[in-house]
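We count residues from 1, following the sequence as given. All values derive from a computational prediction rather than experimental measurement. Both ligands and their constituent atoms are indexed starting at 1 by order of listing.
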Amino acid sequence: SVFAKNMTDPKAERTFIAIKPDGVQRGLIGDIIKRFEQKGYKLVAGKLMWAPKELLMNHYKDLADKPFYNGLVAYMASGPVFAMVWEGKAVVATGRKILGATNPLDSAPGTIRGDYCIDVGRNICHGSDAVETAQREIALWFKDDELNDYEFADKKWIYE
Ligand code: GDP
Ligand code: MG
């Protein structure tokens, strides 16, 4: 479901991660998925989707008064996005670390943005910035029946 079944279980935290149109065009879907998989996070949902402008405007509504907002929505609407939900302990904050700082010139090497991009307006990926934001974004991008509840076979090898 949209909300992980047991919200008291820290391993059930979920985040919304998206590979933006430039990341899709540049062939980075596999590498970005690989980094989250290798860390030990569980993929709950994923789809390639050419997002309608209304969805993107809603997704970025908190930035509506920024000078780059229209350009940001146009960039996000310029091609399909690979939208995902990842689950695991502290996945929201850790997911942001895996992506790297918003401005790729400040993103550490070893992060996705640090390794693959230069301009803030072409920073190839999105990650929710808080647990509440993640819940809003997951509900915005996914239908309830697109979220897969399943037991991760590796779980006992990843968590103590
Ligand atoms: P994020 O949470 O790290 O993605 O950063 P924000 O929520 O602050 O901004 C959302 C997205 O807007 C960023 O990922 C960038 O693609 C874009 N963005 C942020 N700041 C700027 C800016 O100063 N100029 C441009 N062109 N785009 C920006
Ligand atoms: Mg943000």
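- Asp62 has no carboxylate O lying under 4.0 Å from a charged side-chain N of Arg136, or vice versa, which leaves the two without a salt bridge.
- Aromatic ring centroids of Tyr41 and Trp86 lie 6.0 Å or more apart.
- Electrostatic pairing of Lys20 and Asp22 does not count as a salt bridge here, judged by no charged N lying under 4.0 Å from a carboxylate O.
- In this pair, Phe16 and His126 present their aromatic rings tilted. The plane angle is within the 30 to 60° band.
- In this structure, Arg14 pairs ionically with Asp149, as a charged nitrogen and a carboxylate oxygen lie closer than 4.0 Å.
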Tabulation required: pairs of a nitrogen or oxygen in ligand 1 and a protein nitrogen or oxygen under 3.5 Å; columns are atom names and distance to 0.1 Å; otherwise 'none'.
from     : atom 1 : to     : atom 2 : distance (Å)
ligand 1 : 2 (O)  : Arg96  : NH1    : 2.6
ligand 1 : 3 (O)  : Thr102 : OG1    : 2.4
ligand 1 : 3 (O)  : Arg113 : NH1    : 3.3
ligand 1 : 4 (O)  : Arg113 : NH2    : 3.4
ligand 1 : 5 (O)  : Thr102 : OG1    : 3.3
ligand 1 : 14 (O) : Lys20  : NZ     : 2.9
ligand 1 : 14 (O) : Asn123 : ND2    : 2.8
ligand 1 : 16 (O) : Lys20  : NZ     : 3.0
ligand 1 : 16 (O) : Val120 : O      : 3.1
ligand 1 : 16 (O) : Asn123 : OD1    : 3.1

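- Geometrically, Lys89 does not engage Tyr159 in a cation-pi contact defined by less than 6.0 Å to the ring centre and at most 45° from the axis.
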